[in-house]
Trainee: 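Please read through the structure below; I'll follow up with questions.
Both backbone and side-chain heavy atoms feed into the values below; hydrogens, waters and symmetry mates do not. Quick caveat, the model's predicted, so the values are computed rather than measured.
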Amino acid sequence: MHLSEQEIIRREKLEKLLALGIDPFPPEAYEVTVHAAHIKEFFQEDAEGKPVNFQEVSLAGRLMSSRVMGKASFAELQDSTGRIQLYISRDDIAPGDDKTLYNEVFKKLLDLGDFIGVKGHVFRTQMGEITVHVTEFKLLGKALRPLPVVKRDEEGHTFDAFTDPEQRYRMRYVDLVVNPEVKGTFLKRTNMVASIRRFLNERGGLEVDTPVLQAIPGGAAARPFITHHNALDVPFYLRIANELYLKRLIVGGFDWVYEFSRNFRNEGMDRTHNPEFTILEFYVAYKDYLWMMQTTEALLEQAAMDTCGTTDVQVGETIINFKAPYRRISIYDAIKEHAGIDVSAMDEAELREVCKKMHIEIDGSMGKGKLIDKIFGEKAEHKFIQPTFITDYPVEMSPLTKKHRSKPGLVERFELMINGKEVANAYTELNDPIDQRERFEEQVTLMERGDDEAMFIDHDFLRALEYGMPPTSGIGIGIDRLAMLLCNQYSIQDVLFFPQMRPEKFD
RNA sequence: GAUCUCGUAGCUCAGCUGGUAGAGCACUUGACUUUUAAUCAAGGUGUCCUGGGUUCGAAUCCCAGCGGGAUCACCA
């Protein structure tokens, strides 16, 4: 094992601590009575400037900086809420003749990054900084590797930032320690999810769990990961969606079920795609996609409000307004609006002609539905910046969706576009088992034509529908994509703690 | 998967047309009892991503590989 100079020095310090009878990794709990942010927010002084509270505090965290000035030192402690300054004077922590605790342990054997616990009282320095005057400290956990030292001056300028994306993603633990805004992003994401969960629970939604290992990967058009079950000696797929399982629960008599579903798709990775990602799906009996549009607007408005404190959310250079209601436009009108052509009456040959003229890449496996989707994707999708429901898709690209109540050839489906990206996809669910069987059979034809994303026939799902499913509307909302918007992050990797990367090699 | 680009100290980076490896911070030693990007003095950082090649000589030029990023393709 190759050790750098600094790592060797820290290991030597470990030995010296042990020689002094100090356990660098003590087992017992340390009493924490207060956190840094709380002190900074609520510290008070009387008229003479004498502190009135926090005169007996005990807190713990990482030592993040240390400025030794002879017999006194200033240091910074970083706990889960932020940083607070420490003032440590030699004669306070080592009142007797033996000054080892200060001269050796504090000044020499502690390193930046070490976990320590401190007890003391809070005061304000001459420079105005709220500070803990330490009377007692204890090493709680030694850091054997040096953290990147990121410094910030008064104007907020950052020096020597820890910025290498590879290192930040691979060693998120370090990223979180030294880049406080990263923690902020993830807290925001968690708040967003909590807000959505509250919204659903308040309306009678029931949170459920359904299988991740599936014998038939259904509910979406995507290439799955394949794994193998040893005892049964059969292949299993990691789920690409949970849709068909949630609908089985609607068959079973629940009115409203939801699941934050970790899905896995064996496809490319880029700034908007990770092999595993989270979709919130929910299904509500006796509703249709029109109801679902209203519910989606309300859900997103609340999520934006709870997460950002406003419905006008800054995303990159633009402001996205999450306040309901959102614009609605059919996919044909959307294409008309942005490509200037009416594809609503075209057959497959005509659509191919249009794609050719627009220099849109196509191949022989694509049917009418996919061609229309292509044209929309190339010419219109990225133009919808403000939240917009794109409605009424062609039946060929929606095998699980009920046919439109009044428009032949279309289905009752919408996708929600925000900032030029699909964030949600919803339908009035197909509950006619005979129609569903025919749609699955069409998928088999597509598969034979070479479409490797066409759906398998799920016979158990058909059997469930044959027992009867109430009219139902369902939706999938891309939680990572939504988090990217509400947290104003350009890349999905910045809203996932551990984005997928090529495995690291250690030698 | 394709193209472009990057890889030098713990971190951020410089290193020109090839000539003994550099800075700031961090680190080590010392001074300093209200500092705050603390300051002052002194000190050493290293598989220049890996492996080949060209050359008297390669961090530098060439080839291959590994890893990252960006763009594109597939997709949410």
Trainee: Can you check whether A/Gln493 has a side-chain N or O nearer than 4.0 Å to OP1 or OP2 of B/G69?
Mentor: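 For B/G69, OP1/OP2 do have a side-chain N/O of A/Gln493 under 4.0 Å.
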
Trainee: For A/Tyr102, report the nucleic acid contact type (base, sugar-phosphate, nothing); a contact means any heavy atom under 4.0 Å.
Mentor: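 Nothing, no nucleic acid heavy atom in range.
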
Trainee: Would you kindly check whether a donor in the side chain of A/Thr125 faces an acceptor in the base of B/U35, or vice versa, at under 3.5 angstrom?
Mentor: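 Such a pair is found, so the answer is yes.
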
Trainee: With sugar-phosphate meaning primed atoms plus P, OP1 and OP2, does A/Ala161 contact a base, only sugar-phosphate, or nothing at under 4.0 Å between heavy atoms?
Mentor: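 Result for A/Ala161 = sugar-phosphate.
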
Trainee: What's A/Ser73 touching, base or sugar-phosphate or nothing? Going by heavy atoms closer than 4.0 Å.
Mentor: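 If one applies the 4.0 Å heavy-atom cut-off, A/Ser73 turns out to touch nothing in the nucleic acid.
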
Trainee: By the 4.0 Å heavy-atom rule, please label A/Asn274 as base, sugar-phosphate, or nothing.
Mentor: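 Base, at least one base atom sits under 4.0 Å.
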
Trainee: Considering every strand and a 4.0 Å limit on heavy-atom distances, what is the contact class for A/Glu76: base, sugar-phosphate, or nothing?
Mentor: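 Counting heavy atoms under 4.0 Å across all strands, no contact is made by A/Glu76.
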
Trainee: May I ask you to say what A/Asn425 touches in the nucleic acid, namely base, sugar-phosphate or nothing, with a heavy-atom cut-off under 4.0 Å?
Mentor: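 No contact.
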
Trainee: Does a salt bridge link A/Lys16 with A/Glu12, judged by any charged N lying under 4.0 Å from a carboxylate O?
Mentor: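 Judged by the 4.0 Å cut-off on N to carboxylate O distance, A/Lys16 and A/Glu12 do not form a salt bridge.
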
Trainee: Is the phosphate of B/G30, meaning OP1 or OP2, less than 4.0 Å from a side-chain N or O of A/Lys108?
Mentor: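 Checking A/Lys108 against B/G30: at least one side-chain N or O falls below 4.0 Å of OP1 or OP2.
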
Trainee: Side-chain N or O of A/Lys71 versus OP1/OP2 of B/U33: is the shortest distance under 4.0 Å?
Mentor: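 Checking B/U33 against A/Lys71, a side-chain N or O does come within under 4.0 Å of OP1 or OP2.
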
Trainee: Pick the C1' atom in B/A9 and in B/U28, then give their distance to the nearest Å.
Mentor: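 B/A9 and B/U28 have their C1' atoms separated by 15 Å.
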
Trainee: Distance check needed: B/G68 C1' versus A/Met501 CE, whole Å only.
Mentor: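 Distance, rounded to whole Å: 7 Å.
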
